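Comments concern the structure below.
Note that the structure is predicted; figures quoted are calculated from it, not measured. In what follows, every chain begins at residue 1, and chains take the letters A, B, ... in the order their sequences are listed.
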Amino acid sequence: MSTKYLEISQVSKVFGNTAVVQGFDLNVSRGEFVTVIGHSGCGKSTVLSMVAGLTHSSAGAIILGGKELREPGPDRGVVFQAPNLFPWMSALQNVQLGVEQAQPRKSRREHAQVAAHYLELVGLGDCLHKKPAALSAGMRQRVGLARAFALDPKLLLLDEPFGMLDSLTRMELQDVLIELWSQNDKSALMITHDVDEALLLSDRVVMMTSGPRAHVGEILRVQLPRPRVRKAVLEDPSYYVMRERIIGFLESQAHRPAPAAEAVSVSPEPTVVPAPPTGRAGCEQVAS
Amino acid sequence: MQEKNFGQRAFDNVVLPMLGVGMVIVLWAIVSATLAPALPGPWKTWQVSKLYVLSPFDKRGELDQGILRFTWYSLVRVAKGYSLALLIGTPLGLLLGMSQAFTRSFDPIIQILRPVSPLAWLPLGLVLFQKPEPAGIFTIAMCSMWPTVLNTALGVRSIPQDYINVARVLQLSRSKRLLKITLPAALPYMFTGFRLSLGIAWLVIVAAEMLTGAPGVGGFLWQEYNSLIYEHLILCIATIGIVGFVLDRLMSLVENKLKVA
């Protein structure tokens, strides 16, 4: 096993009187893709936000490359659930903004070149000068991906990056993400509530218990060979075993007696139909 | 919904407003002929004002000039006071929007100064500057800056947390955050403030010129009142109203452009 790059140890986050996350432990190795899955409102995003440095943890430590994290930094690229582009800037300018900050020594032209390069990688080479309003939701999130990758961070943090997209666009962007990630060999920590997305992308799937006091419930190692192609992944018999296991865990969390009102907001009966080996039926089942 | 044809639109946008104006003029004529004999009627007003309207840029004497010439003097004065208001008001609003401590310290004083009438500021300006011209500009600035201050602050406070998170994640420097994020995000609000400020600046001009006797629409109005030429009061009122309306339209054109962008 390679060296631990990101260490999250015994991290808690308290809002008011409620401990949303308590005793969260997770290590991410260099080059590893880890997905955190759990029900809505369980505190997944809070964990990510703490790793990003946007929120401080109430207890515990987050260590990245040997140093404790308190603030956001250039070593982490964040892709938010909404693309959060600045509407008064073109796609290129949006990406360039981060590049300028990450590589202050380069000239303006080089910044633009780097930004354009990453926009081409995400398939937006023709839309460099379009404003976000002129782009579709999927295209905007591509810009969001380009903006994060263009910083050339060692760790990518993705907070349900495709949660707001329709399933076709989502699959397209998952492929774009696989492509980008495998070229750059970065560590990645992604939050999702989509079981299939988690299995397709990650080396390990971390299942979180429902909040409050959410922590790591189970960890599943995804042994599917890389590079992964969606079709091959879906035809692998072990895929459905793993899928069952994750859904089983999430179901048990949904039926767990809720310690607080917040945890009840989860849909009570996610029907678990063993997905047929062909096609993508059931893609949306667990997406809450 | 069905698209209105040309005739209907012409009726809505031209005929109806003209009908309204016509009715007010008729009412004015009736009132001046019956209830208020001191009020000059429409026809008499036109007769007496004709010279000022038809050769609007003439200068026959210091206080006897075409109406647009007077308007121009007033506009220049307003432009000076208004620019001053924006120069002070915008940074003040940005500070208020960005700093809680600043808001807590200065918001009360702003709320106290805001409702003070131009008639109260002007004497203070005269004391401070010893001359009517800068006193008038000072008054215009003091009265018109508040909407700019408050709307700019509101604009800065209304910047979505998402934008702020992106700025933090990208580690933007303070100056870059201000120029690239805060200002553009707050700009639509700021422009609403600018528009309201301009309205007030124009409102204040009359008071400023009346008390200082400076040549301009307001000065002319006060002088004609003292000379008992009451028809010109109505001419001045109409001019002030029309100019104010045009200024507001122009500003809202710019404002709408910003909202689309």
Side-chain angles (χ1 to χ4, degrees), chain A residues 45-46 48-56 69-90 93-104 108 111 115 130-134 140 143-144 146-153 155-159 164, chain B residues 86 89-91 93-95 97-101 148 151-195 250-261:
Chain A
S45 292
T46 309
L48 192 97
S49 170
M50 287 189 283
V51 179
L54 292 172
T55 339
H56 290 306
L69 285 181
R70 295 302 282 174
E71 295 297 322
D75 43 5
R76 281 152 287 155
V78 184
V79 182
F80 298 93
Q81 181 167 19
N84 291 347
L85 304 178
F86 298 114
W88 52 86
M89 294 183 196
S90 68
Q93 287 167 324
N94 265 292
V95 177
Q96 208 176 324
L97 190 66
V99 178
E100 283 166 12
Q101 217 62 34
Q103 307 172 340
R108 221 184 164 70
H111 290 147
K130 285 199 177 152
K131 294 268 171 72
R140 276 180 228 156
V143 180
R147 179 169 63 187
F149 274 93
L151 299 175
D152 198 23
L155 176 65
L156 268 176
L157 301 169
L158 304 120
D159 186 3
M164 283 161 73
Chain B
L86 297 197
T90 311
L94 288 173
L95 282 173
M98 291 189 290
S99 159
Q100 283 246 327
T148 294
N151 279 282
T152 303
L154 178 68
V156 174
R157 283 190 208 111
S158 314
I159 294 175
Q161 184 61 39
D162 289 344
Y163 288 178
I164 297 168
N165 281 347
V166 172
R168 289 180 64 196
V169 162
L170 296 180
Q171 297 234 288
L172 298 186
S173 61
R174 260 174 181 277
S175 59
K176 203 159 210 174
R177 217 189 267 202
L178 179 68
L179 289 176
K180 299 240 164 162
I181 316 293
T182 309
L183 276 179
L187 203 59
Y189 287 88
M190 285 163 67
F191 241 84
T192 304
F194 293 171
R195 182 164 64 91
L250 290 176
M251 285 301 276
S252 71
L253 279 181
V254 184
E255 200 184 339
N256 288 336
K257 268 231 168 90
L258 281 175
K259 274 184 185 147
V260 175

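The number of heavy-atom neighbours closer than 6.0 Å to CD of B:Q100, taken from other residues, nucleotides and ligands shown, is 12 or below.
Residues B:N165 and A:V78 are not in side-chain contact: their nearest non-hydrogen atoms beyond the backbone lie 4.5 Å or more apart. Using a 4.5 Å heavy-atom threshold, the side chains of A:E100 and B:L172 count as separate.
Between the B:Q171 side chain and the A:Q101 main chain, no donor and acceptor come within less than 3.5 Å of each other. Side-chain N or O atoms of B:R168 include one that pairs as donor or acceptor with a backbone N or O of A:G53 at under 3.5 Å. Side chain of A:W88 to main chain of B:K180: a donor-acceptor pair is present (N/O by atom type, distance under 3.5 Å, no hydrogens or angles).
Of the atoms belonging to B:L187, not a single heavy atom falls under 4.5 Å from chain A. Using a 4.5 Å cut-off between heavy atoms, A:L54 contacts chain B through both its backbone and its side chain.
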Audit row: A:R147, B:V166, side chain to side chain contact (heavy atoms under 4.5 Å, CB included) steps and yes/no: CA-CA 10 Å; A:R147 179 169 63 187; B:V166 172; 3.5 Å; yes

Begin with the C-alpha distance, continue with both residues' side-chain angles, and end with the deciding distance and a verdict on side chain to side chain contact (heavy atoms under 4.5 Å, CB included) for A:F86 and B:I181. CA-CA 8 Å; A:F86 298 114; B:I181 316 293; 3.2 Å; yes

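Contacts with chain B were tallied for A:M89, A:E71, A:Q93; A:M89 has the most, counting heavy-atom pairs under 4.5 Å.
Taking both residues in full, the closest heavy atoms of A:L85 and B:Y163 are given as O-CE2, 3.9 Å, listed atom of the first, atom of the second, then distance. Here the closest heavy-atom approach between residue B:V169 and residue A:P72 is recorded as CA-CB, 4.1 Å.
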